[in-house]
Each structure stands twice: as C-alpha cells, then as structure tokens.
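Just so we're clear, the structure is a prediction, and the values are computed from it rather than from any experiment. Along the sequence shown, residues are numbered consecutively beginning with 1.
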Amino acid sequence: MNHNGAPALAIRGEPVFPFLVMTTGNGLQGMVRLGFEGSHLYTVDLPLGWVGVERYDHAGFDEGFREVLDADPSALAIPRLHLTAPADWMDAHPDDVVGYADPASWDDKGGWGGPRHPSWASAAWRRDAGEALRRLLRHARSAGLAGHIFGWHLGSGVYGEWHYWNPIYYPDTAKVFVEAFARWLARRYPDAPPPPRLPRIEERKKGRTGLFHDPAQDRWMMDHAEFLHLQGAEALMEFAAVVKQETGRRSVVVAFNGYMPDLGIPHEGDHSAFSVVLRSPDLDIFCSPHTYRRRKPGEDALFRGFMGSVRNHGKLWLDEEDDRTCLADAGWQKAYTHVKTIEESAEILWRGFAQALTLNVGLWMMDMGALGSRDTATHFYGHPALVSALEQMRRVGARSMQRERTRVSRLAVVCSFRTRFYLADPAGEADPIVSLYDKALGQLCTCGAPFDLYQITELFDAATPDYDAYIFLDTFFMTAGELAGAMALKARGKHMLFFYAPALLDEQGISVERVRALVDMEVRLAAGGAAAGPALEVVGGEACAPDGTLYRRGRMFFCPAPALSSERFRFFCREAGIHIYADSDDVLMAGGGYIALHAASAGS
C-alpha cells in the first residue's frame with residue numbers, strides 16, 4: 001500500500017513501520033529477558049522441507065517456528081526459505097546440475113555457495129522446487145501457523161540472494177542451460193539462429209578495445225549474459241506466483257534482488273534482470289545487505305538498492321542490517337566486525353536505522369550470532385544498552401508513520417546493470433565499476449546532499465520525480481531511447497554530471513560521437529581504450545578543477561576518472577542550486593521529516 005507519500009507495509013490493513021528482527025527462538029528469549037518488546041515482526045530462516053525425490057519433512061520448519069512463538073506468542077513472521085534441491089534429486093538429474101567454465105569451482109565448497117546445485121535453467125528443478133514450496137505453504141496452513149505468517153522470503157543462489165551459484169567460476173555450462181539457451185536464441189533470431197556459444201574465461205577477461213567488448217562483434221556475448229540473468233528472474237517469478245496462488249494473494253513475497261554491483265566479481269553475481277522482476281505483480285518487497293565496503297564507524301554503509309526504481313513501482317525495500325556488534329564471536333565474524341565497544345555498536349545500528357527512516361523504507365536487525373549458536377554470550381544484541389537502542393528505534397519508526405513520508409532529494413544518481421555486459425571482468429580495485437561504486441559513491445555520501453538512486457531502466461518512468469540535477473554513474477551503455485531521455489533532460493536545462501564513458505556504447509558499437517553530443521565537449525578515446533584509468537581524454541572543455549578531475553560546458557559536467565572528491569560533488573550540487581545540509585564530510589541523511597548525521601570525526 002501507499003501511505004503518506006511512500007510504499008508501506010500493511011499488517012491487517014494498517015500501515016506499520018517495517019522494523020523486523022531476524023533471530024531464533026532462543027535468541028529472541030535472550031532479548032526479551034533484557035527488556036525487548038519489539039514490533040512482533042520477524043524474519044526467520046527455516047527449512048523448505050524438501051528432503052529427497054518426492055519426499056518432504058516439515059518437522060524442522062515447525063520446530064523453528066514454534067520456538068519463536070514460545071518466545072513471542074504474538075509473533076508475525078516472514079519465513080526465509082532456500083529453494084535448494086536435495087542430493088538425490090541432483091543424482092537423478094545430472095544434466096540439470098550447474099556446470100562451470102572454471103573447473104576450480106568444484107574445489108570451492110562454501111565461499112560462494114558451493115558448486116553442486118540445480119541450474120536455474122532447469123524446468124525440472126523449477127517444477128519440483130515449486131511443488132515443495134506448495135506443499136510447505138499448505139502444511140503451514142493445516143498446522144495452524146498461517147495466522148502468524150504475513151509473507152514468504154524466497155531464496156536461491158549464493159546465501160539465497162539470487163547471485164548465480166559460485167559466480168566467480170563462470171556458471172553455467174550445464175547441458176540443460178545450453179539447450180535452453182539454444183531455444184531462446186531461436187526465438188530471438190528466428191530467421192538465422194546462431195549456435196549457443198558460451199564465453200571462454202579469457203574472452204571474458206579482456207575486451208577488444210581495452211576495457212570494452214565490441215557490441216556488434218561480441219553480440220553473442222551480450223546474448224549469453226542477458227539469457228543467463230533471465231534464468232534467475234524467471235525462476236523467482238514462478239515461485240512468487242506459487243505463493244500468491246496458495247495464499248490467495250494475502251501474503252507478501254520478499255526476495256533479495258537489485259543489488260549495486262559493488263563486489264568486484266564477474267557479472268554472474270549481479271541482478272541484471274532486476275527491471276524484469278521489479279515489474280512482476282507477484283513480488284512485493286526487495287532487499288539486500290548494505291554495502292560491505294564502508295561499514296566502519298563514520299563511514300556511510302550505504303543501502304545497496306535502487307530505491308527510486310523500487311518506489312516507482314509501488315514496491316517496498318528492506319535492508320538486512322547485519323552489522324556485527326562488538327559481541328560477535330571471535331571466529332569468522334571478526335573479519336566483518338568494525339566496532340570495539342557497546343557504544344560504537346549502538347551507533348552503527350542507529351546509522352542503519354537512520355537510512356531506513358529517511359529513505360522511507362524498512363530493515364531487519366539480523367542477529368547472526370543467534371543464527372549460528374545457542375550461546376547467548378555471542379548473540380549480537382545481548383546487552384541491555386543495545387536492546388534499549390532497538391526499542392527506541394522501534395518507537396521512532398512507529399511515530400514516523402504519522403508524518404509525510406516524502407523524499408527531499410533534489411539529486412538523482414543513475415546507474416546501469418547492463419553496462420557490465422560490455423566490459424571486461426574486474427581485474428582488481430582499480431576497475432572503473434569497482435571504483436565508481438566504492439570511491440565515488442563513498443565521497444558522494446559525505447558531500448552533504450541527499451540523493452536518490454535509480455537504474456536507468458526506471459529513470460524515465462512517469463512516476464519519477466523531477467530533479468534539479470542528475471549524476472550518471474556507470475551508464476557507459478545507453479540504448480537509443482535512454483540517450484534520447486538524457487538529451488531531453490539536457491534540453492530542459494538540468495545540471496548533469498557524467499562519469500568515465502557516458503553513452504560510449506550502444507547495440508551498434510562504440511561511438512565517441514555519442515559522448516560528445518551528450519556532454520558538449522570534445523573527447524577522444526584514451527590509448528587502447530584504457531583497461532584501467534580514464535577511457536576518454538577531454539581535449540575541449542573547461543577544467544573546473546586544477547587537477548583535471550572535473551570538466552564543464554555550461555550545465556554539463558564530465559569526470560573522466562571513476563572517482564571524484566566530496567568537495568567536487570559539493571561544487572556540482574551548489575552550481576545546480578542544491579542545498580548542502582553539511583559540508584563537514586560527515587554522512588548526511590534526510591527525508592521523511594527527519595535529518596540524521598553519522599559523524600566521521602569527534603567534532604567540537
């Protein structure tokens with residue numbers, strides 16, 4: 001539902017602030033003993049109950065769910081399911097098991113989800129996993145649990161997050177994938193369908209022109225990427241339809257999807273068909289953990305979703321607030337723990353909540369300590385001060401639902417999943433995509449101006465607000481329609497900042513002329529197209545930074561490097577007439593009637 005200007009979660013017809021906790025019954029009991037009341041909303045990781053070929057056992061689901069009810073009899077939950085296949089199913093369907101271009105995948109048993117799983121192109125897996133899901137939904141109803149369930153979180157791929165299995169090893173070479181790819185190509189090119197060609201690793205790692213693949217000569221590679229990403233999208237939508245059918249559309253459907261591509265891995269780890277699932281009538285809520293790159297106290301920990309795109313389609317976003325507190329166990333969790341004290345722990349939790357509050361979205365507090373151990377000493381929120389902070393957040397969130405839940409941003413940031421199809425795979429931290437999503441966005445978060453994130457596929461929707469200025473971050477690939485939309489913004493006198501190689505690529509090839517027409521500057525390809533460093537050199541434009549990091553012509557700004565300082569971002573915003581709330585390089589958040597500042601320094 002839409003409530004006071006933004007999509008909202010409705011429980012029994014009433015809008016509520018989406019403040020959930022992900023824990024276990026044991027973990028929840030520990031929090032209750034410390035004074036936790038909560039909003040009675042939870043997300044709970046539970047087994048699907050598909051234990052073998054045509055064999056089902058829901059005892060584990062019942063036990064885990066009832067343990068939560070024992071701790072909170074008023075609990076309303078979203079079970080989180082992993083639509084994985086049992087081993088004997090894969091034994092019976094060897095042609096439907098994911099294959100990899102890099103055989104080293106079979107030696108990596110866990111870091112990226114492990115290698116042995118059904119191919120997302122497998123119709124048999126979609127059918128049988130859908131049947132397992134249908135049986136669980138019916139079981140929950142017959143077991144009297146449906147009244148405590150208001151949604152279902154559907155997962156597959158790495159950690160259930162719809163990244164293709166073991167993406168760094170180049171899936172999918174399964175027989176069923178290749179056959180499905182051939183059928184898809186025959187539909188796309190009915191007069192002369194090409195053979196289903198899978199890229200070799202060396203072809204993926206090097207472009208014909210430095211960083212860039214050639215859109216015309218390498219069209220087969222773009223077809224492969226598009227087909228691969230559609231497999232996860234189509235499977236997810238099929239499972240979502242099962243939930244809607246079985247629950248009479250009364251349950252919301254949740255899925256991880258639409259993450260920023262900020263991990264520096266091959267595009268198999270992206271959600272490049274997000275624009276497809278976003279338009280599904282059967283999916284209601286999308287979610288992700290926030291960026292793993294900048295989580296220390298004083299850093300932004302930016303939510304990784306494209307909330308502008310999501311809002312356009314009336315959907316809700318939830319952040320997985322999985323920041324480790326100082327209570328995290330000394331094992332593997334410590335690698336992701338950036339705080340040392342209870343006070344610092346509370347502050348990073350407040351940072352996540354403040355983002356949700358000002359973005360008019362929601363979040364769940366994820367106690368991975370409780371998920372991994374029954375020892376309450378290692379549970380993330382096992383301290384009175386942390387429980388007190390969570391309770392205060394809950395109350396603030398509830399009050400926020402009475403306010404106008406509108407954004408105050410006058411700045412839109414525009415990104416493109418599809419660009420990655422046309423680039424050589426990341427070779428390290430100097431990769432321009434990695435740099436843009438880490439260094440550039442990190443600096444933008446501290447420039448003092450709130451902004452809204454969009455995929456370019458939704459930028460020109462009728463629902464998109466009118467902004468004073470636009471930053472095109474990684475739109476190296478732009479369709480003719482997208483370029484026309486950007487040119488229309490330019491004709492309307494909008495201030496626009498472009499990075500690295502805007503509109504250099506379309507379906508026909510590489511064109512510097514398109515860049516020149518867009519940015520109103522004379523540019524040329526850098527030597528070799530630049531596999532690292534700037535792709536374009538400016539030979540006619542006004543340098544508005546002495547170090548050559550930013551050029552302008554009227555209201556058009558161009559940064560040839562994949563990074564820009566907060567000071568330069570502030571300059572651009574001020575030139576566009578955008579209000580700077582703070583120029584102290586602290587993390588500024590504003591929206592929904594609230595302003596929040598996460599301090600990067602002690603101040604005075």
Side-chain angles (χ1 to χ4, degrees), residues 207-219 221-222 225-226 261 267 272 275 306 309 412-424 431-433 435-437 440 453-461 464 467 469-526 529-531 533-541 550-564 572:
R208 291 180 186 268
T209 308
L211 176 69
F212 306 109
H213 299 302
D214 186 278
Q217 296 184 71
D218 299 323
R219 177 70 240 176
M221 193 179 293
M222 316 313 152
E226 183 177 348
H267 69 66
S272 296
S275 65
F306 298 93
S309 291
V413 178
V414 186
C415 305
S416 172
F417 280 127
R418 197 172 180 87
T419 285
R420 292 252 284 150
F421 295 177
Y422 295 83
L423 306 183
D431 178 82
I433 296 294
S435 184
L436 284 166
Y437 281 97
L453 279 157
Y454 288 86
Q455 276 290 309
I456 198 168
T457 44
E458 285 72 51
L459 179 64
F460 306 110
D461 288 352
T464 303
Y467 292 89
Y470 297 80
I471 296 174
F472 286 75
L473 194 72
D474 63 344
T475 56
F476 314 161
F477 172 86
M478 295 174 73
T479 66
E482 290 163 355
L483 179 59
M487 294 294 284
L489 292 174
K490 174 182 170 181
R492 290 172 54 205
K494 299 297 182 181
H495 284 73
M496 303 169 75
L497 167 59
F498 301 93
F499 276 93
Y500 198 71
L504 181 66
L505 306 154
D506 69 1
E507 295 94 337
Q508 307 308 313
I510 297 174
S511 171
V512 177
E513 286 301 321
R514 282 164 45 99
V515 183
R516 292 171 182 151
L518 184 58
V519 303
D520 276 347
M521 298 176 205
E522 185 64 30
V523 297
R524 65 188 177 201
L525 276 176
L536 297 167
E537 298 171 347
V538 179
V539 293
L550 188 63
Y551 295 82
R552 77 177 297 177
R553 176 72 58 82
R555 297 183 178 184
M556 298 296 103
F557 292 74
F558 175 52
C559 177
L564 195 65
F572 169 72

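- Atoms OH and CZ, from Tyr422 and Arg208 in turn, are 14.0 Å apart once rounded to the nearest 0.5 Å.
- A donor-acceptor contact shorter than 3.5 Å links the side chain of Thr464 to the backbone of Leu459.
- At least one side-chain heavy atom of Arg516 sits under 4.5 Å from a side-chain heavy atom of Glu522.
- Interatomic distance, Arg555 CZ to His495 NE2, rounded to the nearest 0.5 Å: 5.0 Å.
- Looking at Thr419, its side chain does come within 3.5 Å of a backbone N or O of Asp474 through a donor-acceptor pair.
- Shown here are the side-chain contact (heavy atoms from CB on, under 4.5 Å) partners of Gln508, two or more places apart in sequence or in another chain: Asp506.
- Atoms CG and CD, from Leu525 and Glu537 in turn, are 9.0 Å apart once rounded to the nearest 0.5 Å.
- Not counting sequence neighbours, Arg553 has no partner by the salt bridge (Lys or Arg N to Asp or Glu O under 4.0 Å) test.
- Between His213 atom NE2 and Leu423 atom CG the span is 7.0 Å, to the nearest 0.5 Å.
- Taking every heavy atom of both residues into account, Met478 and Ile456 meet most closely at CE-CD1, 3.9 Å.
- Across Val515 and Ala503, no two heavy atoms sit closer than the pair CG2-C, 4.2 Å.
- A salt bridge (charged side-chain N to carboxylate O under 4.0 Å, His left out) check over residues 493-503, counting only residues at least two apart or in different chains, returns the pairs Asp466-Lys494.
- Counting heavy atoms from C-beta outward, Thr209 and Asp214 have side chains that stay 4.5 Å or more apart.
- Contact detail for Lys490 and Ala517: the closest heavy-atom pair is NZ-O, 2.6 Å.
- Looking at Gln455, its side chain never comes within 3.5 Å of a backbone N or O of Ser309 through a donor-acceptor pair.
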Stepwise, does the side-chain contact (heavy atoms from CB on, under 4.5 Å) test hold for Tyr454 with Asp461?
CA-CA 11 Å; Tyr454 288 86; Asp461 288 352; over 6 Å; no
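- A ring-centre distance under 6.0 Å is not found for Phe558 and Tyr551.
- Residues Leu564 and Leu497 meet the side-chain proximity criterion, which asks for heavy atoms closer than 4.5 Å.
- Residues Tyr500 and Leu211 meet the side-chain proximity criterion, which asks for heavy atoms closer than 4.5 Å.
- Ser416 is not listed as a side-chain neighbour of Phe476, based on a closest heavy-atom distance of 4.5 Å or more.
- A distance-only check finds no donor-acceptor pair linking the side chain of Ser275 to the backbone of Glu458 [under 3.5 Å].
- A salt bridge links Arg418 with Glu226: at least one charged nitrogen is closer than 4.0 Å to a carboxylate oxygen.
- The heavy-atom pair separating Gly207 from Ala424 by the smallest distance is N-CB, 3.8 Å.
- Proximity of Val414 to Leu473: side-chain heavy atoms (C-beta onward) are nowhere separated by under 4.5 Å.
- Put simply, the side chain of Glu507 reaches to within 4.5 Å of the side chain of Phe477, judged on heavy atoms.
- At a threshold of 4.5 Å between non-hydrogen side-chain atoms, the residues Phe212 and Asp218 do not count as touching.
- Note on ring orientation: taking the six-membered ring where Trp is involved, the planes of Tyr467 and Tyr470 are perpendicular (angle over 60°, cut-offs 30° and 60°).
- Considering every non-hydrogen atom in both Ala440 and Pro562, the closest pair reads CB-O, 4.1 Å.
- At least one donor-acceptor pair under 3.5 Å links the side chain of Arg514 to the backbone N or O of Leu505.
- Minimum heavy-atom separation, Leu518 to Pro502: CD2-CB, 4.1 Å.
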